[in-house]
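Scroll down for the structure; my scribbles are underneath it.
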Amino acid sequence: MATFGIMTAPQQVDYPSLLQVWQDADAIPEISRAWLFDHLLPIQGDIGGPIFEGWTLLSALASATQRLRLGILVTSNRLRPPAVLAKIATTVDVVSGGRLDFGIGAGSRPDIDWARREYEAHGLPYHDFGPSVTALAEACNVIKRLWTEDAPFDFEGEHVHLIGALASPKPLQRPHPPIVIGGRSTPTLRVVAEYADVWNVSGDDLTDVLKRNARLDQLCAEIGRDPATIRRSIAIPVSYEQIARTRAAVADAVGAGFSQIELILPSPYPARVARWIADEVIQDWH
């Protein structure tokens, strides 16, 4: 049976509106998860419009909810040093009482028009995509080790350099929060095969998604991992005006074997949008 989450991009919206949606969803058993995204400038609408930093906001929403699993879909590994990110994520897992799903990805591709803009605006380096995937693999390695190893360790990679790395406290979830890796390129899928508990992909082109899904199975086989140990998650945008199209996309994704459906809710949000999406879409699968 498929499970469902909602994703509320924290752009072009105010905090009370986001809080209301999350607290409403927290009381609806059909909704299992809630997500934010990780950008520093809006990627839709007015670039001068409001946008909140994802992990800070996630911690606030974690303390304002009781049941939902929660996370960032997905964190850009470009924005924070991995050891710092491990500490941030641990903090959220503790604040939430062990409800964090740790989403991470390589960061936006250079061929996306707005991609470099937000990094340049914040004085952050922006490497080509190849190095960013290598950096993602190194980040997953050290974050997992920081969450699970008690003794300090050194790490010398191409992009990550740590001396005497250690982390206390550990996340509440043991051995660690589920690692959700987003992306669809073959290099990224290799990282998924090695480190992920969940693979997330955008559902904008299901034909292509199924090819990538099969490729992930192949990459798992190459390293001796059972592909069934990686849950498959797909993000589907919701159309408030054409809800039948959303239902059809969900039906196609579930039929293709995706067990975790993340419904992207555009702002502004209709009144009681969490209850509405549960009744209009999720109820079909419960």
Side-chain angles (χ1 to χ4, degrees), residues 5-11 32-44 51-59 61-62 68-82 84-86 88-90 92-93 96 99-110 112 114-115 118-119 124 126-127 129 132-144 147 171 173 176-185 187-204 209 212-213 216 230-237 258-265:
I6 58 171
M7 199 280 274
T8 56
Q11 62 177 355
S32 300
R33 299 170 299 279
W35 304 92
L36 302 170
F37 76 8
D38 193 28
H39 289 283
L40 301 176
L41 288 177
I43 61 173
Q44 293 171 324
I51 182 168
F52 295 101
E53 194 281 321
W55 278 98
T56 310
L57 180 61
L58 187 66
S59 191
L61 293 170
L68 289 168
R69 297 198 62 82
L70 44 85
I72 305 290
L73 201 66
V74 288
T75 308
S76 170
N77 187 53
R78 299 178 185 274
L79 297 182
R80 305 164 191 84
V84 175
L85 178 58
I88 293 169
T90 295
V92 173
D93 195 54
S96 68
R99 292 184 285 131
L100 176 68
D101 286 348
F102 177 69
I104 190 169
S108 304
R109 298 183 64 98
I112 300 174
W114 46 260
E118 65 178 328
Y119 294 89
L124 296 167
Y126 192 88
H127 303 295
F129 191 67
S132 75
V133 177
T134 304
L136 173 64
E138 293 180 4
C140 290
N141 184 325
V142 300
I143 289 169
K144 198 168 184 178
W147 284 343
Q173 298 179 83
H176 54 75
I179 297 174
V180 183
I181 299 179
R184 64 205 307 158
S185 72
T188 301
L189 293 177
R190 288 195 178 96
V191 183
V192 173
E194 185 169 0
Y195 292 104
D197 300 295
V198 182
W199 172 51
N200 176 260
V201 65
S202 171
D204 52 349
V209 165
R212 309 290 177 161
N213 192 48
L216 177 57
I230 301 177
R231 299 191 300 277
R232 312 303 164 102
S233 164
I234 190 167
I236 296 174
F258 284 84
S259 61
Q260 296 188 191
I261 312 297
E262 317 302 350
L263 299 170
I264 303 172
L265 304 182

Quick one: closest heavy-atom pair of Leu216 and Ala193, and the distance? CD1-N, 4.0 Å
What I'd like to find out is whether the side chain of Trp35 reaches to under 4.5 Å of the side chain of Val180, using heavy atoms alone. yes
Could you go through the side-chain contact (heavy atoms from CB on, under 4.5 Å) check for Arg212 and Val201 one step at a time? CA-CA 9 Å; Arg212 309 290 177 161; Val201 65; 5.6 Å; no
Looking only at side-chain N and O atoms, does His39 offer a donor or acceptor that is under 3.5 Å from a partner on Gln11? no
Within the distance-only criterion (no hydrogens, no angle test), does the side chain of Trp199 pair as donor or acceptor with the backbone N or O of Gly183 below 3.5 angstrom? yes
Can you see which heavy atom on Ser59 is nearest to which on Val92, and at what distance? CB-CG2, 4.1 Å
Between Ser132 and Leu136, is any pair of side-chain heavy atoms under 4.5 Å apart? no
Once the angle between the rings of Phe102 and Trp147 is folded into 0 to 90°, is it parallel (under 30°), tilted (30 to 60°) or perpendicular (over 60°)? perpendicular
Nearest-0.5 Å distance, SG of residue Cys140 to CD1 of residue Ile179: 6.0 Å
Distance check, rounded to the nearest 0.5 Å: Leu40 atom CG versus Leu79 atom CG? 5.0 Å
Verdict with supporting geometry, Tyr195 and Ile143, side-chain contact (heavy atoms from CB on, under 4.5 Å): CA-CA 11 Å; Tyr195 292 104; Ile143 289 169; over 6 Å; no
Nearest 0.5 angstrom please: Asn213 CG to Leu189 CG, how far? 9.0 Å
Heavy-atom pair with the smallest gap, counting every atom of Arg69 and Pro178: NH2-CD, 3.6 Å
Side chains of Asp38 and Val74: does their closest heavy-atom pair fall under 4.5 Å? no
Take His176 and Asp197 through the test side-chain contact (heavy atoms from CB on, under 4.5 Å) and record every step on the way to the result. CA-CA 11 Å; His176 54 75; Asp197 300 295; 3.5 Å; yes
Measure across Gly107 and Tyr119 and return the closest heavy-atom pair with its distance rounded to 0.1 Å. CA-OH, 4.4 Å
I'd like to know if the side chain of Arg33 and the backbone of Leu70 have a donor-acceptor N/O pair within less than 3.5 Å. no
Point-to-point distance, once rounded to the nearest 0.5 Å, from CZ of Arg231 to CD of Gln260: 5.0 Å
As an exercise, state the distance from CD1 of Ile236 to OG of Ser202, rounded to the nearest 0.5 Å. 9.0 Å
Show me, pair by pair, the donor-acceptor contacts under 3.5 angstrom made by side chains of residues 51-58, not counting sequence neighbours?
unit_1 : atom_1 : unit_2 : atom_2 : d
Glu53  : OE1    : Trp55  : N      : 3.3
Glu53  : OE1    : Thr56  : N      : 2.6
Glu53  : OE1    : Thr56  : OG1    : 2.5
Glu53  : OE2    : Trp55  : N      : 3.2
Glu53  : OE2    : Arg80  : NH2    : 2.6
Trp55  : NE1    : Thr75  : OG1    : 3.1

Side-chain heavy atoms of Leu36 within contact of Thr8, under 4.5 Å: yes
Distance check, rounded to the nearest 0.5 Å: Ile261 atom CD1 versus Ser233 atom OG? 7.5 Å
Taking side chain as C-beta onward, heavy atoms only, is Pro171 less than 4.5 Å from Leu100? no
Paired with Gln173, the side-chain hydrogen bond (donor to acceptor under 3.5 Å, both in side chains) test is passed by just one of Thr90, Asp93, Asp101, namely Asp93
